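Following: one structure in structure tokens, then a few remarks.
None of the values given here were measured: they were computed from a predicted structure.
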Amino acid sequence: MSLEHFLQQFLTTFQQLGANNLSPLSTLYTEDVVFSDPLGTHLGLDQVTRYFENMYQEVSYLQFEFKAAWLAPPHHVTQPWRMTFQHQRLPQKSINVEGVSLLHFNNTGLVSQHQDFFDLGAMLYEQLPVLGKLIRFIKKKAAA
């Protein structure tokens with residue numbers, strides 16, 4: 001199958017994940033997957049599954065909008081996305097975060113490496129009442 005087909009299967013299945021639906025992770029990732037994002041690195045499917053379990057416990061809403069990907073056959077994909085979520089510990093508003101995933105597919109269509117890049121400040125720190133005001137003030141001054 002083609003890289004495009006593997007990517008479409010991955011994105012369709014990824015959109016279906018949720019607090020009560022993490023079993024499809026084994027159809028997305030290899031047993032020895034390396035998953036990295038600004039919050040840390042997770043080695044192996046078991047660690048990745050625990051990471052997703054923890055993430056989905058705190059999130060009351062999560063949706064991804066996937067944008068046009070850049071394919072580097074035979075195995076690499078750069079996938080931009082926009083994540084919209086609501087977190088139980090943050091003010092009840094939707095938070096939007098732009099990001100990009102670097103994916104490495106093996107020959108069977110499973111992802112062996114997944115690295116996410118996004119602004120952790122925009123996702124988390126700027127959402128906190130006092131710290132958020134300070135960070136936005138610093139960003140505004142730095143941009144001036």
Side-chain angles (χ1 to χ4, degrees), residues 1-136 138-140 143:
M1 290 193 203
S2 70
L3 185 59
E4 294 89 351
H5 180 77
F6 290 154
L7 176 62
Q8 190 56 51
Q9 281 185 314
F10 179 88
L11 298 179
T12 299
T13 304
F14 199 87
Q15 282 285 43
Q16 298 168 3
L17 295 175
N20 299 317
N21 188 34
L22 292 177
S23 59
L25 286 172
S26 64
T27 68
L28 297 176
Y29 296 110
T30 62
E31 282 292 324
D32 61 347
V33 64
V34 177
F35 183 101
S36 300
D37 67 13
L39 295 169
T41 299
H42 312 281
L43 305 175
L45 185 57
D46 289 340
Q47 283 189 13
V48 171
T49 300
R50 281 193 297 279
Y51 176 66
F52 276 76
E53 285 171 350
N54 291 333
M55 177 182 65
Y56 278 105
Q57 282 180 0
E58 301 291 327
V59 172
S60 56
Y61 174 82
L62 177 65
Q63 184 68 40
F64 284 90
E65 174 191 345
F66 296 109
K67 302 179 181 194
W70 298 291
L71 305 178
H75 300 290
H76 294 83
V77 173
T78 302
Q79 178 63 64
W81 44 262
R82 180 180 193 171
M83 176 175 60
T84 302
F85 72 99
Q86 291 178 343
H87 194 279
Q88 294 174 5
R89 295 186 186 181
L90 297 173
Q92 288 300 314
K93 64 175 184 173
S94 292
I95 300 166
N96 295 304
V97 178
E98 300 284 335
V100 65
S101 296
L102 303 180
L103 304 170
H104 180 268
F105 287 86
N106 69 10
N107 289 331
T108 65
L110 297 177
V111 173
S112 60
Q113 294 177 323
H114 181 157
Q115 186 166 11
D116 282 346
F117 297 92
F118 56 86
D119 183 352
L120 185 58
M123 180 179 148
L124 181 61
Y125 306 128
E126 289 180 30
Q127 308 310 319
L128 303 173
V130 175
L131 188 56
K133 287 181 182 180
L134 177 61
I135 290 173
R136 288 188 295 276
I138 292 170
K139 279 184 164 181
K140 185 177 178 182

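Distance check: Q113 CD to D32 CG gives 9.5 Å after rounding to the nearest 0.5 Å. Taking CG of L25 as the start and CD of E53 as the end, the distance is 9.0 Å to the nearest 0.5 Å. The structure places CG of L110 at 12.0 Å from CG of L103, a figure rounded to the nearest 0.5 Å. Taking CZ of F35 as the reference point, atom NE2 of H114 lies at 4.5 Å (rounded to 0.5 Å). Atom CG of L62 and atom CZ of F52 lie 9.0 Å apart (nearest 0.5 Å). Separating the CG atom in L71 from the CD atom in E4 is a distance of 5.0 Å, to the nearest 0.5 Å.
Across all non-hydrogen atoms, the minimal contact from N107 to F6 is O-CZ, 3.7 Å. Residue F118 comes nearest to P38 through the heavy atom pair CE2-CD, 3.3 Å, listed as atom of the first residue, atom of the second, then distance. Contact record, V48 with V33: CG2-CG1, 3.7 Å, taken as the closest heavy-atom pair. Contact detail for L102 and F117: the closest heavy-atom pair is CD1-CE1, 3.4 Å. Shortest non-hydrogen contact noted between Q86 and K93 is CG-O, 3.5 Å. For the pair P24 and L17, the tightest heavy-atom approach, listed with the atom from each and the gap, is CB-CD2, 4.0 Å.
In this model, a donor atom of one side chain and an acceptor atom of the other lie less than 3.5 Å apart for Q8 and T12.
Crowding of N54 atom CG: a count of heavy atoms from other residues, nucleotides or ligands under 6.0 Å exceeding 12. Within 6.0 Å of CD in Q16 there are more than 12 heavy atoms belonging to other residues, nucleotides or ligands.
A 4.5 Å side-chain heavy-atom check between R82 and N96 finds at least one atom pair inside the cut-off.
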(message) With side chain to side chain contact (heavy atoms under 4.5 Å, CB included) as the criterion, how do F66 and Q15 come out once you've worked through the C-alpha distance, each side chain's angles and the decisive distance to 0.1 Å?
(response) CA-CA 10 Å; F66 296 109; Q15 282 285 43; 3.7 Å; yes
(request) I would like to know whether L7 and L3 meet side chain to side chain contact (heavy atoms under 4.5 Å, CB included); could you show each step before the answer? (result) CA-CA 6 Å; L7 176 62; L3 185 59; 5.7 Å; no
(request) Begin with the C-alpha distance, continue with both residues' side-chain angles, and end with the deciding distance and a verdict on side chain to side chain contact (heavy atoms under 4.5 Å, CB included) for F64 and F85. (result) CA-CA 9 Å; F64 284 90; F85 72 99; over 6 Å; no
(request) Would you sort out whether Y51 and D37 count as a side chain to side chain contact (heavy atoms under 4.5 Å, CB included), showing the intermediate values? (result) CA-CA 11 Å; Y51 176 66; D37 67 13; 2.3 Å; yes
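One N or O on the side chain of S26 and one on the backbone of S23 form a donor-acceptor pair closer than 3.5 Å.
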